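Structure first, commentary second.
Chain identifiers are assigned alphabetically (A, B, ...) following the order of the sequence lines, protein sequences preceding nucleic acid strands; residue numbering begins at 1 within each chain. Because the structure is predicted, anything quoted here is derived from the model rather than measured.
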Protein chains: 2
Amino acid sequence: MVINDKKEYTIKDVAILAGVSTATAGRVLGGYGSVSSKTARSVMEAAQKLNYIPNAIAQSMKKRNTNTVGLIVANICNPYFSTIAKATEEHLAKHGYHVIICNTDEDLDKEISYIKTLYEKRIDGLMIATAFKGNEKISEEIGRIYDGKIPTLIIDREIAGLSLPTVTSDNFRGAYDATSHLIRLGHKRIGVIGTTISTLYQRVDGYKKALMDNGIPLDQDLIANKGVPNLQAGDVREGKEIAIHMLTSSKTKVTAILALNNLLTFGALQAIRELGLKIPDDVAFIGWDDFELATVMNPPVTVVNQSTGDIAAIASSRLLQMMDEPAQDEADRNRKVVLATQLIVRGSCGA
Amino acid sequence: MVINDKKEYTIKDVAILAGVSTATAGRVLGGYGSVSSKTARSVMEAAQKLNYIPNAIAQSMKKRNTNTVGLIVANICNPYFSTIAKATEEHLAKHGYHVIICNTDEDLDKEISYIKTLYEKRIDGLMIATAFKGNEKISEEIGRIYDGKIPTLIIDREIAGLSLPTVTSDNFRGAYDATSHLIRLGHKRIGVIGTTISTLYQRVDGYKKALMDNGIPLDQDLIANKGVPNLQAGDVREGKEIAIHMLTSSKTKVTAILALNNLLTFGALQAIRELGLKIPDDVAFIGWDDFELATVMNPPVTVVNQSTGDIAAIASSRLLQMMDEPAQDEADRNRKVVLATQLIVRGSCGA
DNA sequence: CTGAAAGCGCTTACAG
DNA sequence: CTGAAAGCGCTTACAG
């Protein structure tokens, strides 16, 4: 018989029904300590009769852990972040952790607010894909609240001034390679779609270096947000706006475009399509992050791909390790892992 | 001065430093009860000095709520679910709730296991986008554990046998409209890509009804997983496999294809591309769920679109309401909201 | 193997 | 306005 009513039974109820102390009931249900098999059986039966469900809140109170990890991302709809989220969740779930996902929408105050409330919830660990370039405010905040108290790991983008373990892609090199590829194909006027005030500075740096190494003068008009005000979301709409401006302005006259993240890539492709331009004849194109339809596009799209799954796997493993053994030596704690990107050459730059 | 060490201070530490009782310190920090402004000030100062961070676990213990909601989805990488997740998170965050996201990967046991541990964590509410057709096992499980105890809401797909509030799309009608559209254009052999053993039965039903209403005999070979074993993920790989089989088998000879979810759509498009077939001349195509690149494809892709944002918004609002006032009358509790889909006609069926 | 008791960090009547 | 005390539901030494 299963009793099914609205009351939430506690371990005390189970103990009374089984005719033992709460301590003993706890030992059976929690699997710690030792009990006679006969007692164990009667406690189990009582728990089942009452449909007893342990209260993890109370357990956390005593055990000082919550089996919960926080994951902060800028936009869970961005395939890059959702891939990270999925892989991380999967990895951590295997070890008994739940993942609280927080969307910052590239909003610094939201990010800080999340960090605070997650800490109040006494999460066991935190993974942050901050939307922001080494921002002093967030660095300070995290440093003040967290540092050393709870295992925290930074992914996707470094936070300057914070000595925390980090797992990122080699953004500089990815952009350098892509730009070099375009230069090799004869392009000299290469437009870059990425917002300079947001998170893509390393990629822009890689672009600049490639130009420099090939003796091509830098034209600021070809970078990102010239002429388009208030850029920061780095989303599809912005990518489209920037691309349209770039492809129609008399000042830019680009022969190739490099988009610096996946959503900007989609936006740029929309713009090229709407303007009726042909890839690669009218404009060569390289996107960022591979996507399902890249091979279906006409022509297929060349992209700089990140090892997104690896980032999540490595980050998850390190966080698990940090939660297991909080005390690590400084050098190990601060070790920064940087993963190579790969240029996947398809038809969109006419190679 | 800010004291910055590893110790986590409690309200007791703050009280001692401020020279008051813990009750008074709690009143100041928690904002309940009344205190003199002088006392308030000294408590605030003490809290700041110690960098005091309240323990939400302890608060939950007393207050009997956690300000946390569980969200169960099959695959957070699926744009449909990530859109739901983002909108839900945003909506609930405004009301002070955190969202724990759980990926089931279409795995029934994982789903049940998540439900249990979420309940142990004493979440305040639960939103389930189950991967499964009215499955008795899960229905029983949820019924037993949850019903009436914690506000639970079903989205995306009904769970048969459960009288819980539901927010879904009109899947039947969406497929009916799409199929009718293809029939109107002269197609009689329309292949459907969707796994019959998984979640898409209502959509398949809509397809069948449209054929019937137009006097076209049903050919089981044109439905889904014929010839492709072990279908159930409903993902890109499966969509591609099914489409290839469908487009190359001598038995099927379809002139049009309808894909029944977004990932299957991507897979089908990959297949068509790889086989070197032209849309719409060789095969007309309708996908499910709109996507960023739908207008960029050549030709642009006709899709059945769901009001995904609305689903999330309505579901979030209802869940908030359910958490606010747990006691509602039966009729209201079980009310099922069904949102219309829209057929967005583009070039891929040659209209 | 088992139980009585203390305690995790808060909140909340109950007095004063 | 303020404090002493009880209690939320567990776990964990400490005895026996």
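The interatomic distance linking B/Lys121 (NZ) with D/dG9 (P) rounds to 19 Å, in whole Å. If you measure from atom CG of B/Asn65 to atom C1' of C/dT11, you get 12 Å, rounded to the nearest angstrom. Residue A/Ile11 contributes atom CD1, which lies 20 Å from atom P of C/dG7 at whole-angstrom precision. For A/Arg41 and C/dC1, the CZ to P distance is 14 Å, given to the nearest whole Å. Taking atom CD1 of residue A/Ile16 and atom C1' of nucleotide C/dA4, one finds them 15 Å apart after rounding to whole Å. Rounded to whole angstrom, the span from the NZ atom of B/Lys12 across to the P atom of C/dC10 amounts to 11 Å. Protein atom NZ of B/Lys63 is 13 Å distant from nucleotide atom P of C/dA13, rounded to whole Å. Rounded to a whole Å, the CD1 atom of B/Ile57 is 11 Å from the P atom of C/dC10.
Nearest to the side chain of B/Thr24, among C/dC8, D/dT2, D/dC10, sits D/dT2. Listed nucleotides C/dC10, C/dG3, D/dG3 differ in distance to B/Asn55; the shortest reach to its side chain belongs to C/dC10. Side-chain atoms of B/Lys62 lie closest to D/dG7 of the nucleotides D/dT2, D/dG7, C/dG3.
With a 3.5 Å ceiling on both atom-pair distances, D/dA13 lacks any Watson-Crick or G-U wobble partner. Searching all strands for a Watson-Crick or G-U wobble partner of C/dA4 with both distances below 3.5 Å returns nothing.
Within the structure, a side-chain polar atom (N or O) of A/Arg64 is placed less than 4.0 Å from OP1 or OP2 of C/dG9. A/Ser21 has a side-chain polar atom (N or O) that falls below the 4.0 Å cut-off from OP1 or OP2 of C/dG3. Between A/Gln59 and D/dT11 there is a side-chain N or O to OP1 or OP2 distance below 4.0 Å. One finds a side-chain N or O of A/Thr39 lying less than 4.0 angstrom from the OP1 or OP2 phosphate oxygen of C/dT2. For A/Tyr52, a side-chain nitrogen or oxygen approaches OP1 or OP2 of D/dC10 to under 4.0 Å.
We find the CZ-OG1 distance between B/Arg335 and B/Thr166 to be 11.0 Å, quoted to the nearest 0.5 Å. Atom CD1 of A/Ile100 and atom OH of A/Tyr114 lie 10.5 Å apart (nearest 0.5 Å). Between atom CD1 of residue B/Ile314 and atom CD1 of residue B/Ile155 there is a gap of 11.5 Å, rounded to the nearest 0.5 Å.
Nucleic acid contact class of A/Ser34 (heavy atoms, under 4.0 Å, all strands): base.
The side-chain heavy atoms of A/Ile76 and B/Ile76, taken from C-beta on, include a pair separated by under 4.5 Å. A 4.5 Å side-chain heavy-atom check between B/Leu118 and B/Cys102 finds at least one atom pair inside the cut-off.
Mapping B/Thr22 and B/Ala58 onto DNA chain D by nearest heavy atom places B/Thr22 closer to the 5' end of the strand. Where B/Ala40 and B/Met61 meet DNA chain D, the nucleotide closest to each residue was compared, and B/Ala40 sits on the side nearer the 5' end.
When the shell of 6.0 Å around NZ of B/Lys336 is examined, it contains more than 12 heavy atoms from other residues, nucleotides or ligands.
With hydrogens and angles ignored, a donor-acceptor pair under 3.5 angstrom links the side chain of A/Arg27 to the base of C/dG3.
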